[in-house]
Amino acid sequence: MFQLPRGTRDFTSEEMVKRRYVEENIASTFKSFGYGEIQTPTFEMLELFKAKSGDSIIDEIYAFSDKGDRELALRPELTAPVIRFYVEKMQMEPKPLKLFYFGNCFRYDRPQKGRYREFWQAGCEIIGTNTPEAYAELVAMAYTILKKVGLKNIQLNIGNLDIINSTLTKLGLSKDDQKELLPLIDKSQFDDIFSLLTNLNITNECAKEFCDILQTADINKIKKFIQGDTSAMDELSNLEKLLDLLKNSFNIKDFKIKMSIVRGLDYYKGLVFEIDAPFLGAEKQLCGGGAYDLVTLFGGRETPTAGFAVGFDRTILALDIEKFAFPSLKTDVYIIPVSEEMIGKSIELSQNLRNEGISIDLDLLRRGIGKSLKYANSKNVKKVIIIGPKELENDSVTLRDMKAGNQEVVKIADIVSKLKIN
RNA sequence: GCCCGGGUAGUGUAGCCUGGUAACAUAUGGGACUGUGGAUCCUCUGUGGCGGGUUCAAAUCCCGCCUCGGGCCCCA
């Protein structure tokens, strides 16, 4: 027996029905916002991911050399490939450029529930605009995607890195001190933040105010703290506009301002947001996004970019936890030939019906009617056609409704219209 | 990479502590039923994650590995 590689999964037909349903649902939401789908390769030059995330990334991805000694990597995420694609071939496209994608990614992590070595992401990038309305639309779209697939319990949190950086500057912290502080902020350990700040000779009053800002939903408090930093003030007024549009125009009201959202890497800037499924435990983040600058890092002409990624597997998990009723795959009709002599006629009919767009399965085991009906039932088939010599004499067959449990004799010529009505 | 808990037919479980014939349910195939399903009955097939140790004897005790799950680290 062979084993699956650690952190990978097989998907049954039933699971694939769910996954395709969610995937198509997400794609249609992207399209409804004017986004176009793109696809990039499953593996890229290793250099691309090193450029984005630093050399240490190698430990956490599937990196290898091919037979021509090229250093390659299975993609650990999709933003870098998409921006590479943009810089290479799409810089002259009309702006704003709206791109979405769906694909598998690979990370060399310790697997857990909601965390696999091969996982799927859906995501998008909007390139060439940074207006509050563009970013409000981006956040609204992320939220809409998760709502439209059927999730009830999700939490949208919105922050801003420029503003939080401005507060750190205001506190007069060195880069090293900031490095120590950021993980605590990320984990919302406010007591630890307070004691660290006071140890760094920041006044109690100031440290308290800072902790307050991390937890507040009151823009004015933040405004007071960063007064004098004009670029941060601009950013804050844009955030205010964004939130206003989200609330009053997109009609999305259940979000939180969360200034404690931080990101480790320097190419992030400005807007950041996350969407969590609170019941998912340690791996609860479904979606993360914001504004960033990778275009110049990859050698393109400077232009604003923002985007987000949705963890597809976690979305399915969250739907399962919420006991979401996924549509199930059903074959329309099952055909039962009552004897061996009826097989040819049955196949002929099944082909005719398939050409009419009706999905057909038929008995391939020469089983009796009883067993065949049982099989059809276990496969959730809606209708069964029984073909036997008695009816065939009158160019008819028996059409049985599995749900209602009744049946009637129908002329073969009338079958299609009969099936299409119901 | 760290700590903790699991792994027994396809699936769900019992037995493990206290070593001694691997069991139950369900599902699958065949049949009772020769032209009518979700019921019932019969029947076939199928089971200890892998490796080592202790022992007359290991599903059971010990060790290592693999793997799943909970919590960390990380989360680009």
Side-chain angles (χ1 to χ4, degrees), chain A residues 1-10 12 14 44 46 48-61 73 75-83 105-117 119 121 123 182-183 186-187 261-268 272 274 276 280-290 292 294 297 307-309 311 314 317 334 336-342 363-392 397-409:
Chain A
M1 288 274 272
F2 297 102
Q3 236 180 5
L4 230 63
R6 184 171 161 87
T8 65
R9 292 157 295 160
D10 293 318
T12 62
E14 289 74 20
E44 297 263 357
L46 174 60
L48 176 72
F49 301 111
K50 287 210 295 201
K52 187 188 174 207
S53 309
D55 285 0
S56 61
I57 188 84
I58 298 175
D59 294 336
E60 290 157 73
I61 66 180
R75 57 187 179 193
E77 44 105 17
L78 291 164
T79 302
V82 168
I83 297 303
C105 301
F106 306 83
R107 292 185 190 177
Y108 198 86
D109 255 340
R110 182 195 169 288
Q112 271 185 53
K113 198 180 190 69
R115 179 178 225 179
Y116 309 95
R117 287 187 170 180
F119 59 99
Q121 271 193 351
L182 285 174
D186 187 38
K187 277 176 255 171
I261 302 176
V262 294
R263 288 284 153 91
L265 295 159
D266 333 320
Y267 54 78
Y268 282 105
V272 273
E274 298 173 344
D276 295 342
L280 231 46
E283 308 294 332
K284 67 177 181 181
Q285 193 181 326
L286 295 180
C287 171
Y292 57 88
L294 277 181
L297 190 63
F308 63 81
R314 288 182 192 178
L317 270 174
Y334 189 75
I336 305 172
V338 300
S339 63
E340 217 176 308
E341 291 73 43
M342 297 295 116
D363 174 43
L364 299 172
L365 267 174
R366 302 184 182 181
R367 266 190 294 222
I369 292 183
K371 281 276 158 85
S372 284
L373 285 171
K374 207 169 160 180
Y375 176 81
N377 178 61
S378 72
K379 291 282 176 190
N380 289 316
V381 174
K382 286 169 261 180
K383 306 270 186 185
V384 164
I385 292 174
I386 299 165
I387 301 185
K390 275 193 287 186
E391 298 92 329
L392 214 52
V397 294
T398 298
L399 178 63
R400 185 175 178 83
D401 185 314
M402 292 300 281
K403 205 168 172 189
N406 53 31
Q407 63 187 39
E408 57 184 322
V409 177

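Model, not experiment: these values are computed from the prediction. First the proteins, then the strands, lettered A, B, ... as listed; each starts at 1.
In this structure, A:K284 places its NZ atom 14 Å from C1' of B:C75, rounding to the nearest Å. Atom CG in A:L280 sits about 10 Å away from atom P in B:G71, given to the nearest Å. B:G69 atom P lies 13 Å from atom CZ of A:R314, rounded to whole Å.
Here A:I61 lies in heavy-atom contact (under 4.0 Å) with a base. Using a 4.0 Å heavy-atom distance criterion, A:F119 is classed as making no nucleic acid contact. Within the nucleic acid shown, A:K187 comes within 4.0 Å of sugar-phosphate atoms alone, with no base atom in reach, counting heavy atoms only.
Considering only side-chain N and O atoms, A:Q112 lies under 4.0 angstrom from the phosphate OP1 or OP2 of B:G71. For B:C75, the OP1/OP2 oxygens have no side-chain nitrogen or oxygen of A:R107 closer than 4.0 Å.
B:C33 and B:G37: their C1' atoms are spaced 13 Å apart (whole Å). Distance check on atom P: B:G6 versus B:A58 gives 23 Å, rounded to whole Å. Taking the C1' atoms as reference points, B:G69 lies 15 Å from B:G49, given to the whole Å. B:U13 and B:G1 are spaced 30 Å apart, taking the P atom of each and rounding to whole Å. Comparing the same atom, P, in B:C74 and in B:C16 gives a spacing of 43 Å after rounding to whole Å. Comparing B:G5 with B:G10, their C1' atoms sit 25 Å apart, to the nearest whole Å.
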Does the protein touch nucleotides 26-38 of chain B at the base, only the backbone, or not at all? Give it as B, S and - per nucleotide, heavy atoms under 4.0 Å.
---SSB---BBBB
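Under 3.5 Å, the side chains of A:T398 and A:E391 contain a donor-acceptor pair of N or O atoms.
Pairing for B:G64 is with B:C50, a Watson-Crick or G-U wobble pair whose two hydrogen-bonding atom distances lie under 3.5 Å. The partner of B:G69, taking Watson-Crick or G-U wobble pairs whose two distances both stay under 3.5 Å, is B:C4.
The shortest heavy-atom contact between A:G7 and A:P111 is CA-CG, 3.8 Å. Of all heavy-atom pairs spanning A:V338 and A:G388, the tightest one is CG2-CA, 3.4 Å. A pairwise comparison of heavy atoms in A:S372 and A:I336 identifies CB-CD1, 3.5 Å as the closest pair.
Using the six-membered ring where Trp is involved, A:Y292 and A:Y268 have ring planes that are perpendicular, over 60° apart on the 30 and 60° scheme.
Within 3.5 Å, a donor on the side chain of A:R115 pairs with an acceptor on the base of B:C74, or the reverse.
Along RNA chain B, the nucleotide nearest to A:G7 and the one nearest to A:A282 differ in position, and the one closer to the 5' end is contacted by A:G7.
No donor-acceptor pair closer than 3.5 Å links the side chain of A:R366 to the backbone N or O of A:E340. Under a 3.5 Å cut-off, the side chain of A:R117 and the backbone N or O of A:D109 do form a donor-acceptor pair.
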